[in-house]
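Remember, it's a predicted structure, so these values are computed and weren't measured experimentally.
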Amino acid sequence: MTRTAITRQTRGDPGKIWTLEVSGIAKNYGATCALRNASLRLRPGKVHALLGENGAGKSTLVKIVVGAIQPDRGRIALNGVPTRFAGVRQAIAAGVIPIYQHLSLFPHLSVLENLSAFAIAGAAGLRARPALVPRATARAWLDAVGLDCDLDLPVERLSVGERQLVEIARGLGQRCTLLVLDEPTAALTHDETDRLFGVVRRLCAEGTAVLFISHKFDEIEALADDVTVLRDGVAVIDAEPLASLSRAELVRAMLGDMVESGERALPQPGAPMLIATGLMLGPAAGIATRPADITVRAGEIVGLAGLVGSGALELAAALAGARPVAAGTLAVRGETLPAGDRARAVAAGVGYVPADRHAEGLFGPLAALQNASSSTVALFSRGGLLRPGGEAAALMPWLRRLNLHPFQPERPAAGFSGGNQQKLLLSRNLAVPDLRVLVVLEPTRGVDIAARETIHDALVEAAGRGVAVVIASSDLDEVMALSHRILVVRHGSLDGELPRGTGRAALMDRLAGRRAA
Amino acid sequence: MMALTGARPRRFSGRLNPPAAVWVVLLLFCVFALAVPRFASAGNLENLLRVGSILGIAACGQTIVLILGGIEFSFGASAALASVVTVLALPSAGVAGGFAAGAAAVLLVGLVNGTLVARFSLPPFLVTLGMLMVAGGGAAVLAGGLPIDAPPSDAFSWPARGRVVGIPVPILAAAASFVLLHLLLAHTRAGRLWYLVGANGTAARLSGITVWRSVLAGYLLAGAFCALAAVILTSRVASGQPGLAPNLPFETIAACAVGGIPLAGGQGRAVQTLCGVLVIAMLNNAVVLLNLPVAYQQLMIAAVILGAVMLQQAPRLLLLLPVRPARQSEEDRS
Amino acid sequence: QDKAIGFAIPNLASSFWISAVYGAEQEAKAAGVTLVKLNAGGDANTSQQIAQIQDLAQRGVAAIIIGATNGDAVRAVVEQAVGRGIPVVGISSPPNSDRLSATVSADHYDMGRLQARCLAQAIGGKGEVAMMAGPTGQAWSDLRAKGFRETLAKEAPGVTVVAESRLADNRNAALTTAEDWTQRFPELKGVYAATDDMAAGVVAAMKAAGRMPAVRISASNFSPTAQQLLKDRELACTSIQQVVAQGRAAFTQALAAAAKKPVEAKVVLPALLVTSDTLGEVDLSSVVAPADYRP
Amino acid sequence: MSVNLLRRSVDGLRAAGSVLPIPFRVAPLCLILAVAVFAAIAPRFLSLGNAANIGAQVWVLALLAIGQMFVLATRGFDISVGAVAALSSVCAAMACNGWGLPGLSAGALAGLLCGLVNGALVGTLGLQPVVATLGSLIAVRGLSLLITGDGQVVPLDAAGAVTRLGFEPMPVLPASSWAALVLAVGAALLVGRSLAGRRILMAGSNPEAVALVGVDTRRVQLWAYGLCGLFAGFAGVLMTVRAGSGLPTEGAGMELQAIAAAVIGGTALSGGIASVAAVVTGAAFIQVLLTGLNLQGVSPFVAQIAVGVVIIASGLLETLLRSLPSFPSQSRTRT
Ligand SMILES: Nc1ncnc2c1ncn2[C@@H]1O[C@H](COP(=O)(O)OP(=O)(O)OP(=O)(O)O)[C@@H](O)[C@H]1O
Ligand SMILES: Nc1ncnc2c1ncn2[C@@H]1O[C@H](COP(=O)(O)OP(=O)(O)OP(=O)(O)O)[C@@H](O)[C@H]1O
Ligand SMILES: [Mg+2]
Ligand SMILES: [Mg+2]
């Protein structure tokens, strides 16, 4: 077959023929222009980073490359041969393997079936069995990403992090010329990320080209060889060696501006605001737990840190009354709240940003403004009637303050990029007038650097207003940068506390259960 | 921080845009007016609207339930129950009392539906199908399976036959219902909560909304609309009919769907329902006026319903754009 | 061990069948026999009725009375039952089988014919009429409509049928359709209604449109609704059967067949025409169940 | 006694619980309860003959429910199945009169065609399932009337030979029931073992993702609705076989019963899970209830109320099963 012939030739003489060459791509969604003039050139055996702020069009470009959507304009060539995939199936067959940003797993189907999804989609014939990946192979795929789970378990029983690993394992298991990774590390811990990078480097050594999307500069610098930067759907840096560019230059290319990020001064904590006593996650969490006592003061930011599956996210959710618990009570400024009753918690001024933005946060078809006002509808109504313009008046300042982009508050939330959706969830809580406690899970998962700074600023500022802030994040840098102190969570229970300024290595040790002497 | 390219805040203009179904209504009206004898006469249009009013009022209720992400199959049966209860209560309770009793029966069905869906999280389909059988069976038991006639009186026939300032009461009631529905959906807190709950129940709960209250209120209000429709229907047929309006749930769902409201929840406007109702009402009327054999009548109804829906998608179909999951169809338009 | 006789009814939400059941039940009470009534729940539920007849046979009833949803469609299961030694009596719309022990027939064709004569006379032998003919594919409605149409063609050629509705099969739908007719046919003189309930809908529509004395309406069946309409002179006439008597006769034949006693193979009770003037002369006890009867 | 029975059946099901997902436990439990109750009231109910009877009757509803299951599994909805069954019944009868017994298969073909049209409307043109299938429901009814001269039944010339297939016990069950059983097994294989079945479940489980892994969504929907139509066609043929004639106006209201059976059989309206065995059990439950109540001499109207209550109760039962503490709902998270 010609394709393999060309591949072989390319491998013999790298650099002559691009594994993937994309140019002049444009794509419109109705009135929204997602891509204007995008291009990409990928060398075999190299990792190519694709950068851009939220909504720059990265995921759209990825979907075009793998044939999931069709561009309005532009050319794509694979190994020098002009190509246009009519569907993902052809892309897979040609060795172009996607790992998507928003997981493309099937919650009711087993891990094994999910790992076999590409094969099930592509196979011919009648029986499903031959399309399933052999169990030993599936094990090996999961081992490669360090996941150990029952192959027959429905995926809906896995945590978000575990699901991300399944998605990655599925992609890495395919025979590939080009691997496309759209923010694969957003839900991964440091260790898992390292393991993933190991696999990616091995694939590169075998000649695979890798397209890598991430908002984390450390990762990009650790992995990538070349870089393309998209801004508003245009490639402003077009396939240049990463080494030739400084971080500042990249940021300026992405945003047209600089982002100053430095050590933030945290406010001085005041009186205790949130007091949780004897809080115990139920057996439903699948972990035996010890009761936890947590006190968060006004103006204090407390980080909850733990490995995937440690229960840190669940514990934080319980602090916001967002999940039922086996035992324990919550008190906000002396007022006792029934655990697991969000309505009461909201009334008491407890804000909450869930980890799973799509399933638990967004009202997809509703306007951004209506998403932002969902916790405060009562404020904009009198006698059950909505005051005209009330919510706009109250929320527009927040949306502007958080730099909602594009600033179209009437657009359905589903049409915004991940970072901007996160801003909507944050504004929903910040707008609560007497906000006392704010619990934020994964504050910046999948969020670009500019938005990340904006969100961090907003959290610190909220603390400055006297709000007790709890953050739980798998991004340890974030937890370390923002928290007055870090509570370590292991097996669903508290396992000690670390002060601000604790080094990354020490934190990692504690999370893994190793105690410094 | 960055230049916001032309992203000035727009007013909520999207909410006021006419839905695609408006064009279907206009087109259909013109076609029928030209092709169907006597269709456009004043008398016929009044007839058409009077009959359509009942469908319209009930469809207002269905709209709320669909926005909540549910579905109502028990409308026809509870209207039947209402008519039987009304007529049975007539001798002892008088006309007003009879209608009140009938309306109360529908509200009771709505309350049971709402409670089971809201508090026990049962699938709306299962619940309302079960209540369809319970209410229908109940009506048949009460009436002994047969229609029972109401003693004729002007008061009793007023809801269906009366006029206020020259306009038939059912048409006024329907107009009021649509205005009320619009106000509820666009301008009240309860309406906003329905959208939020229908779009994402989990997110609604986590936003501090008492989801069950909202759902229960929705089903109750849907019951109230249905009760109004039932009162007019009962007055119209002047009897308690255990088999009163068997197709009401399907016609209301069809009206909403033809108006472009997705069944996935979280979306839908009063004007869309109005358009759908007008399409169905015009169609039912034209089919009789055309006086075709029954087989062709049915083929024509099917063709117009499917055609009306396809026409709204015409831009997409013509451009052969890819089909996206149904729940996003509203986004496509806005 | 009690003795039971089965009664498979196509549709209990109809005054016709309620009256038939009433007649059979009266006899059953008198004879001390259990009457097992199975309702198919509508004329279009043939599969359900087939299953019900199978169930009756399985339950070992002494005999089965069947008003078929469709005579052809239940033939096989009926012959099955007969093959197992269970005598079957057909009533009104009998199974289309020659192995029945007896049939008690109502002549639906005749009911249509009587209506045609009465309506033609009421409108003076010429003019436009419309037919509210009832659901398609049901023996009773098809036969009544056929009797009406053929008799008109033969005996009143001046009368033309301008519309025939088969979608409207309840009072509300008949009301809507008739309202549309008032717009479409300004010259309409008469309306045929397959049942009295539909006729009530037509009457309401014509009254509301102010067409009432000009348009004459005929019906079939004799529920309290029809009686009232006749009393108010809003109905020209209704063609009826002695339904209660039929129910009684069917039960008697079934009991006899079960006991292997001789049966009367064909009981025919003629259809009658009732007008406002003859209303007082009808022996209600053999025609219609009392208003408070609950099957 | 019935309390005891209830407790024992709950215990039994709990034991079997670890293999059977909760949604699929409702139908068997309902069926066991219904049989227990009827057996307590009417001793003859538990006879072999009665079981065979039910085994012969359940299949029209069961085949419709199986078809419906395919569509529900993709998050769809098909309310045209009753009408499609009626049209198929007529086609089968007409073809059988023309070409003899093999002509019956024309019914299945007609069903398949109707299903494919639905699939095209939903999958290719992207119409909402309810509108698309409501449209075809009405159109198909019109077609049935058209080809039968306004709804006259089509008697089979070879009625005797055909109906023997529907009533004469081959061993235990009549030939038609064995055939339906084979079809149900085929459907089970299709859902559990075939690529098409797997893709249908994928499409229902995550409609956004299914195209992203390379499944052609339109084709899957075409398949699912096609299968639904095919099984409605089989149901129509079965109706013809048992009635000895084609029934053009049959099946009003069957669509809702079929969906109810499928839902009681654990098929989620939100897509992604399906089990043929559970759906057939759900259909059997409804059939037992419908005829059982009538046969006990319960007034048919009261029986209707009872069926409604029981349908709702089946939903409550699932909630109850989920809340029973001893179910190992989360214990298998790690190996
Ligand atoms: N299905 C869609 N309908 C309408 N607009 C869309 C759709 N998908 C993407 N967009 C718009 O296209 C633009 C580019 O989106 P895309 O998802 O490619 O951004 P991204 O660079 O991947 O962002 P992120 O870093 O948040 O993942 C955004 O403005 C987004 O709102
Ligand atoms: N938290 C909530 N969850 C669900 N439904 C709610 C909630 N709050 C209010 N509602 C519903 O909204 C509607 C109006 O609520 P309510 O009667 O509290 O308004 P009100 O007190 O008159 O308004 P306001 O407090 O703005 O003056 C009611 O239908 C109520 O059921
Ligand atoms: Mg992206
Ligand atoms: Mg209030």
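- When C:Gln48, C:Arg294, C:Lys37 are compared by the number of non-hydrogen pairs under 4.5 Å with chain D, C:Gln48 comes out ahead.
- The line from OG1 of D:Thr249 to CG of C:Asp43 is 8.0 Å long, rounded to the nearest 0.5 Å.
- Neither the backbone nor the side chain of C:Glu79 comes within contact range of chain D; no heavy atom of the residue lies under 4.5 Å from a heavy atom of that chain.
- Minimum interatomic distance between D:Ser245 and C:Ala73 (heavy atoms only, all atoms of both residues): OG-CA, 3.4 Å.
- Across all non-hydrogen atoms, the minimal contact from C:Gln58 to D:Ser47 is NE2-OG, 3.3 Å.
- Heavy atoms closer than 4.5 Å to chain D are found in the side chain of C:Val36, but not in its backbone.
- The line from CG of C:Leu56 to CG of D:Asn53 is 10.0 Å long, rounded to the nearest 0.5 Å.
- Among C:Arg75, C:Gln52, C:Arg59, the residue with the largest count of heavy-atom pairs under 4.5 Å with chain D is C:Arg59.
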Worked verdict on C:Gln80 versus D:Thr163 for side-chain contact (heavy atoms from CB on, under 4.5 Å): CA-CA 10 Å; C:Gln80 256 252 316; D:Thr163 50; over 6 Å; no

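- For the pair D:Glu250 and C:Ser47, the tightest heavy-atom approach, listed with the atom from each and the gap, is OE2-N, 2.7 Å.
- By a heavy-atom distance cut of under 4.5 Å, D:Pro300, D:Phe301 are the residues of residues 300-312 of chain D near chain C, going up by number.
- With rounding to the nearest 0.5 Å, the separation of CG in D:Leu293 from CG in C:Leu38 is 11.0 Å.
- Closest of all the heavy-atom pairs between D:Pro155 and C:Asp72 is CG-OD2, 4.1 Å.
- Under a 3.5 Å cut-off, the side chain of C:Asn70 and the backbone N or O of D:Leu247 do not form any donor-acceptor pair.
- Of the possible polar contacts, none joining the C:Gln54 side chain to the D:Gln57 backbone as a donor-acceptor pair under 3.5 Å is found.
- Most heavy-atom pairs under 4.5 Å with chain C, from the set D:Gly49, D:Gly244, D:Gly160: that is D:Gly49.
- The part of C:Asp142 that comes within reach of chain D is its side chain, from C-beta onward, which places non-hydrogen atoms under 4.5 angstrom from that chain.
- Residues from residues 147-154 of chain D that place a non-hydrogen atom less than 4.5 Å from a non-hydrogen atom of chain C comprise D:Asp150, D:Gly151, D:Gln152, D:Val153, given in numerical order.
- Between D:Met239 and C:Ile50, every side-chain heavy-atom pair lies at or beyond the 4.5 Å cut-off.
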